[in-house]
Each structure stands twice: as C-alpha cells, then as structure tokens.
Amino acid sequence: MNESVRHLREQMTLTEKASLTSGANFWNTKPVPRLGIPSIMLTDGPHGLRKQGGAADHLGLNSSIPATCFPTAATLANSWDAELLHRVGEALGDEAAAESVSVLLGPGLNIKRNPLAGRNFEYFSEDPLVSGALAAAFIRGVQSRGVAASAKHFAVNSQETHRMSIDEIVDERALHEIYLEGFRLAITGGDAWTVMSSYNKVNGTYANENRELLDGILRRRWGFDGLVVTDWGGNNDRVGGLVAGNALEMPSTGGVTDREVVRAVEGGTLDAAVLDARVDEVLALIEKTSPRGAAPADLDAHHELAVEAARQSIVLLANRAGTLPLGPGAGRIAVIGDFAETPRFQGAGSSLVNPTRVDSALDALQAAGLDIVGYEPGFARRDAASTRLRRRALALAARAEAVLLFLGLDESAEAEGVDRAHMRLAQNQLTLAEDLIALGKPVIVVLAGGSPVELPFAERVDAIVHGYLAGQGGGRAIVEVLTGVVNPSGRLAETYPLRYADVPSSKAFTKTEATSEHRESIYVGYRYYDKVGAPVRYPFGHGLSYTAFSYADLVADATTARVTVTNTGDRAGAEIVQFYVEAPDAAAGVFRAPRELRGFVKVRLEPGASATVDVALAEHAFDVFDVAAGDWRTVAGSYAVLAGASSRDIRLSASVEIAGDTGSEADTAQLPHYVSGHVEQVTSTEFEALLGSPLPTPDWSTGRALTRDDIVAQTKGRGGFGGLLYFLIDTSSDVLMRLRRPLAANNTRFVLDLPFRSIPRLSGGKFDDDMLVGLLLMVNRRFFRGARHLIGAALRLRARNSRNPKAN
Ligand code: BGC
C-alpha cells in the first residue's frame with residue numbers, strides 16, 4: 001500500500017475518516033484542511049462534461065458549463081472502433097482536467113437488455129464483448145489525462161422504472177456471461193480507477209451493499225483495487241456499503257450517515273480496519289487525480305473529433321438500387337422532418353451536455369450543393385396531430401423528385417429515470433411517412449434515437465440512414481454520409497427486432513413492481529433471435545457500405561482467428577469483421593446460444609486492396625460459467641469459428657477442436673425452454689429451477705404498513721394521506737408534461753422512486769429520521785398521530801440546529 005496514503009490516514013481522527021467517505025455537497029468530496037487533503041470533484045459524464053456551477057442536480061435540470069457533446073455510447077458502439085473510443089476518452093479527459101474535475105462519471109455499460117429501457121442511449125450494446133472492449137478503450141483514454149473514469153452502473157441496472165428499489169433477479173450464468181462480462185473487460189482491460197455501484201438490488205441485495213458483487217467478484221475475482229462510489233443517493237445502508245466495498249457516498253447527506261459510521265465503529269459493529277481500507281481508497285484516488293492546473297481544452301479540435309466520431313458511427317441500414325449516395329443527379333430534394341433543423345443528438349438526464357455548438361443537418365445540406373427545394377418540419381416534435389404541418393410537407397414533396405425524411409425519438413422518449421412505454425415512433429411521424437411513401441417518389445429516411453424502434457415502413461422506403469444520437473457534430477456527419485463524402489462504416493451493436501412483442505424480455509420488462517425477472521437468462525438480443533430463428537428487421541452487426549467486401553482464407557485456433565478481407569468495390573471503405581463462435585450441439589449438457597461474438601476488428605481498405613487480419617479471440621470464447629463450480633469452464637468439443645459481416649451474414653467457417661474440462665453437468669431436463677431457446681415461454685417453475693431457489697414475491701403488498709425501506713410510489717392506491725401524496729406527485733408530473741417540461745416531469749419520477757429512508761439523507765439537514773417516523777405514520781393512515789410526531793420532531797430538530805448550527 002502507498003506509504004503517503006497510510007501516513008495521512010494514520011493522522012486522521014475517526015470523525016475525519018467517516019466524513020472523508022461521503023460527499024461535501026453534490027459533486028465534491030470533503031477536504032481535510034488540517035492535513036492538506038484537498039476536495040476533488042466528480043462530474044458527469046459519459047459523452048461530455050456536465051460540470052455545474054450554480055444549482056446542482058443529477059437529472060439534467062440545471063445548466064452546466066459548455067462542453068463538447070460527443071455521440072452517446074449507443075452511437076459510438078456502432079463504430080466498433082476501440083481506437084476511436086480511446087480518442088474520445090482522451091478528449092473528455094482533457095476537458096475534465098481543464099475544469100479541475102477529477103472523476104468523470106462514465107462510461108455507462110449496462111447491457112441493452114430491452115429496447116424500452118430509458119437509458120439505453122447511454123449504454124453500448126446488447127453484447128458484453130462490444131460493451132467491454134469499447135468501454136475499456138474509453139477508460140484508458142480518459143485516465144491517460146490523470147482523470148479517473150467510472151464504470152457504471154455496477155450491476156444489472158436493466159431498467160429505469162423503480163430503479164432505486166427494483167430487485168433484478170438473474171441466474172448466475174447470465175449474471176457472469178452477460179451482465180458482468182462487459183464490466184470485467186472494461187475494468188480489467190481499462191484498469192478503471194473507480195466503479196459506480198447501481199441503485200438496484202441484484203438477487204435480493206442492493207448492489208451498493210452487495211458483498212458478493214463488490215468484494216467477491218469486483219475485488220477478489222477481478223483484482224480491482226480502485227474506489228467504488230455510490231450512484232447519487234444510492235446508499236441504502238452506509239455501514240453495510242463500507243463493509244461490502246463502497247468507499248464514497250455521493251452526494252452529501254449533511255453528515256447524517258457519517259454519524260452512523262462513527263457510532264458503528266465506536267459500538268464495535270464496524271471494524272475500524274474496514275473503514276481504514278475505504279479511507280485509503282479515497283486518499284489514493286485524491287492523490288492520483290488532484291487537479292494539476294491543466295491547460296484549457298481545444299474545443300474546436302474536439303468539435304472536429306465529435307464530427308469524426310459520428311462519421312465512424314452512422315449506420316446505413318438500407319439502400320435500394322444505389323439510392324445513396326446523393327449525387328448531382330439526385331434532382332430536386334425536399335427536406336422534411338423537424339429533426340433536420342433541430343437535431344436530436346443526445347439523451348436526457350444526468351448525461352445532458354450543454355454543447356459548445358450544434359451542427360444541424362439542414363444547414364449542412366444547404367451547404368452541400370444539392371438541389372434542395374425547401375424544408376418543412378412536417379410534424380410536431382412531441383406527438384400530436386399535425387395536419388397543417390403535414391399538408392405543407394406534402395405540398396413541398398409534390399414539387400420535389402426525392403424526399404429526405406428526418407424521423408426519430410423525441411427528447412422525452414429517452415431519458416434517465418423513465419422507461420419507454422412502447423417501441424414505436426410517434427404516430428404523427430408514421431402518418432407522415434406513409435403519406436410521403438404514397439407519393440411514389442424516392443424516400444430516404446434519416447433516423448435519430450438511441451435504441452431500436454419498430455420500422456413498419458422499412459421495406460417501402462428507398463434508403464435508411466441511422467444517425468443514432470450523434471452528438472453535436474452529427475448533423476454534418478450525416479450529410480457527409482448522405483452525399484458520399486463519407487462511406488458509412490457503422491454496424492449495429494444491437495438487433496433491431498421487427499416488433500416489440502418479438503423481444504424475449506417483452507412480457508417481463510417493468511411489469512412487476514418489486515422484482516424484475518430476467519427469465520430469458522443468457523438469451524439477450526441476437527443470442528435469442530438466432531437461437532429460435534426469429535425474423536428480425538436488422539440483425540446484430542448489420543450495416544451497409546457504398547463498397548463491398550469479400551472474405552477469404554479463414555484460419556482459427558483456440559486463441560486466434562485470421563482472415564483476408566478484400567474491398568471489391570470502387571470506393572475506399574471500412575469493414576467490421578466479426579468473429580463468432582458456434583458451440584457444438586448439446587455440448588456437455590449446457591444450453592448455449594448458437595453463436596456468440598468472440599472477436600472483431602475494423603479494417604479500412606482502398607478499392608481493390610486486401611488485408612489479412614489476426615484477431616485474438618475473447619478470453620472466455622469457449623467457456624461457460626459453471627454455476628456449481630463457481631467459475632468459468634471450457635467445454636470440450638468441435639466448435640466452428642465463423643467470420644461474418646453480421647450475426648446473420650456469415651461468410652466463412654473454420655472448425656476448431658477444443659479440449660475442455662469436465663464439469664458438473666446441469667440437469668437440463670427441467671429447463672426445456674432454455675434448451676430450445678424459447679425463453680419467452682419460461683414459467684416460474686422453470687425459472688426457479690434455473691435459479692436454484694424460489695422466486696421472491698414480485699408484487700408490493702398493499703396490505704402491510706409501509707416502512708422506511710419502501711419507496712414513495714408504494715403509497716399509490718392506499719387512500720388517506722398516502723394516496724393523496726401519490727396523487728399530488730403523479731399529477732404534478734402530468735402537469736409538467738403538459739407544460740412541455742419533460743425533464744422536470746422526470747424529476748417527479750425520481751421522487752416517486754425514492755425510498756423513504758433517503759428523504760432525511762437528501763434533505764440537507766432539514767428533515768431527520770424522527771420526522772420520517774411521523775411521515776410514515778401519516779402515510780400509514782395514522783394521520784393525526786403522525787402529524788403530531790412530525791411537528792414535534794421538526795421543532796426538536798430546529799432547536800438542535802439553532803443550538804449547534806455546524807451539526808450538519
Ligand atoms: C445517475 C448517474 C449519474 C449521477 C450523477 C444518477 O442519477 O444514475 O449515472 O452519474 O446521477 O449525476
């Protein structure tokens with residue numbers, strides 16, 4: 001252990017130690033001036049700095065200083081380009097360092113389990129290898145500037161609904177193979193200095209107090225020696241968190257939980273050595289990341305990098321009869337769709353960046369030398385009948401020879417704290433699209449959004465370009481792709497299902513209240529669709545180019561795959577070569593996905609040029625997580641290593657004999673749907689057989705009294721004061737939506753999802769645990785008794801505060 005850290009810690013009092021492990025305010029740690037220990041700042045976020053000067057919040061409500069808004073993770077993932085992620089990380093590290101920010105709260109790398117999850121736009125992929133490899137490169141980039149990255153949200157933060165209380169029920173295999181594997185790769189490969197624990201529970205225990213996750217897996221199995229920070233307000237039991245491995249609670253609780261720590265050490269319920277270990281982690285982080293007066297960041301260069309990142313990430317989904325690129329012969333073009341003028345380039349919530357500038361596609365189109373006959377928004381941004389706008393758009397299209405139609409999810413559709421209600425585009429956009437298609441002219445759709453949408457018109461339009469959420473330079477990059485200045489090379493890092501009902505978790509997702517059962521186990525995304533042979537709109541890994549590539553000479557062994565790729569077209573372009581491993585049938589009694597991504601590389605080639613690429617296969621390419629043994633196990637057999645351009649466009653196959661270990665073979669007789677892959681039909685009994693334990697009750701009991709560990713939303717339908725409280729908060733959300741303040745409306749969701757015990761901690765000393773006792777009596781239909789208790793406690797608190805103003 002670091003000597004200077006130990007030396008400092010030895011001089012600290014118990015109170016100082018307890019206070020060092022929680023925040024001073026919303027974004028800073030506490031200094032210890034007596035010992036010269038400075039405060040450091042932690043700030044979002046994953047694709048741009050969100051440093052707040054004035055009022056602070058973690059939901060994107062109050063403003064932050066201007067910073068470069070890079071494409072979000074869901075977009076950057078489509079580049080499959082670790083080197084690009086490294087450069088973006090470096091730029092973010094530079095901006096953070098220039099602003100004296102020590103910890104950048106990103107990357108977010110939860111698995112995109114279900115298309116409706118509200119923060120999908122902040123996450124990379126449905127596949128752990130893509131997520132982990134790209135996150136590792138990003139982390140190395142940020143940290144090369146002396147700024148810590150924070151891999152978040154650890155772990156299984158699969159949904160926003162009730163994110164502060166939901167119990168994510170997931171079997172051990174899926175946990176390790178799908179939900180943890182990306183983190184493992186990011187944390188070990190990227191050497192992350194910090195990890196952010198998630199709000200939710202994992203199999204019954206809050207992630208932040210989960211010893212198995214934070215100590216057993218993160219530290220002991222993976223060798224992590226950095227610091228675990230809570231998500232904001234995500235501490236449930238401070239002492240339990242310290243024991244599990246959490247070293248920093250954010251934001252400040254006004255000293256409430258520091259006093260709990262002091263009492264626990266004094267009372268012997270918390271080993272002083274545990275607190276010392278956590279203090280060392282905070283001190284080591286401060287030492288590593290204290291601002292060193294970095295030069296201002298080059299924001300012009302970063303804007304150019306944001307454009308470049310978007311260029312590499314945009315995906316050409318469809319292109320019939322060479323509609324694109326648009327050349328001089330494209331004729332008169334009508335530009336339709338609000339997103340052309342006002343790009344949707346990022347999501348809402350804590351990752352919301354105040355961009356230094358924004359390039360709109362409309363401006364770039366007008367500068368591109370195309371024959372643009374005009375622009376019409378065509379629809380109201382937030383779904384509403386838009387007859388007048390639609391008519392004007394159709395009139396414009398009538399004067400054109402082709403239509404460029406910009407569609408997408410609006411700002412309220414993808415936000416932290418809220419999951420989407422459906423997978424469709426707004427009805428006014430769909431209606432307009434159908435009317436334009438009916439004109440019989442070429443229609444080229446440009447999409448915006450960080451997560452799959454149903455595309456009912458996909459077979460009836462001429463081309464589809466997906467910009468995802470392309471950051472502040474996205475508008476320019478999209479036009480470069482449309483006009484062929486850039487040859488698109490992005491490939492989907494997730495599957496586009498035909499319709500929401502096809503998603504394996506569609507029935508289970510956010511339907512229950514207290515638990516979220518991951519019944520589909522390992523069959524997330526393409527692992528499911530490919531297993532059952534379900535038709536999809538676009539497979540995982542799909543994306544077109546203006547040139548074509550051929551594959552030859554695949555050679556593979558247990559560790560490496562090699563293939564030769566040739567650009568057979570007449571333009572320079574880039575191919576993303578994907579290597580999948582196909583497990584032998586019924587290998588050793590374990591159920592398997594038919595093929596899994598085990599390596600990838602982006603190859604840039606001039607017309608006619610070839611390259612031979614060697615790719616190291618992923619560490620667990622031929623393994624399963626053996627639950628009985630509690631470790632990975634190589635399964636012996638005859639495997640196929642496949643090289644392809646998507647999970648469904650396999651070009652070559654090579655067979656590889658793998659020697660394996662014999663393990664404890666699971667009894668698959670009780671798991672018929674896991675064997676067939678039809679996990680949408682898994683019953684509770686079958687899921688229990690997989691879990692090896694009975695399922696917790698999924699629903700909130702409405703009969704019992706609410707406790708401090710319940711959440712505010714549980715007051716719903718209780719009648720009395722509780723019911724009224726729910727009604728008022730819920731109604732204020734509706735009112736704010738009507739007032740077109742979707743981000744403020746999200747904040748009310750945050751309040752509803754808050755556990756009661758968090759109210760004193762987040763109140764800044766204005767509401768204490770004794771007052772909470774009164775509030776709980778009130779919501780539990782003992783209004784008058786509760787109100788008397790609450791008022792009495794409030795008066796006592798006020799008196800204490802005025803006697804000792806520094807207590808908080
Ligand atoms: C989010 C985190 C974020 C933090 C600080 C939380 O609400 O879940 O991702 O880093 O706020 O803004």
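All values derive from a computational prediction rather than experimental measurement. As the structure lists them, so they are numbered: ligands from 1, and atoms in each ligand from 1.
- Near Y199, the atoms of ligand 1 lying under 4.0 angstrom from a non-hydrogen atom of the residue are 6 (C), 7 (O), 8 (O).
- Residue contacts with ligand 1, taken as heavy atom pairs separated by less than 4.0 Å, involve R163 solely via side-chain atoms from C-beta onward.
- Distances below 4.0 Å separate heavy atoms of L105 from the following atoms of ligand 1: 10 (O).
- For ligand 1, the polar-atom distance check finds an N/O of D231 within less than 3.5 Å of one of the ligand's N/O atoms.
- In this structure, the side chain of T230 does not engage the main chain of W232 through any donor-acceptor pair within 3.5 Å.
- Checking N25 against S252 by side-chain atom types alone, no donor-acceptor pair falls below 3.5 Å.
- Residue contacts with ligand 1: K152 is placed with a nitrogen or oxygen under 3.5 Å of a nitrogen or oxygen of the ligand (distance criterion only).
- Checked for salt-bridge contact, E520 and R113 meet the test: a charged N lies under 4.0 Å from a carboxylate O.
- Geometrically, ligand 1 and W27 share no nitrogen or oxygen pair separated by less than 3.5 Å.
- Here is the list of ligand 1 atoms found below 4.0 Å of a heavy atom in E416: 1 (C), 6 (C), 7 (O), 8 (O).
- Under a 4.0 Å N-O distance rule, the pair R163/E160 qualifies as a salt bridge.
- With salt bridges taken as basic N to acidic carboxylate O contacts below 4.0 Å, none links E168 and K201.
- Between the side chains of E249 and N235, at least one donor N or O sits under 3.5 Å from an acceptor N or O.
- Put simply, the side chain of N110 reaches to within 4.5 Å of the side chain of F183, judged on heavy atoms.
- Neither the backbone nor the side chain of Q52 has a heavy atom within less than 4.0 Å of ligand 1.
- Only the side chain of M196 comes within 4.0 Å of ligand 1, judged by heavy-atom distances.
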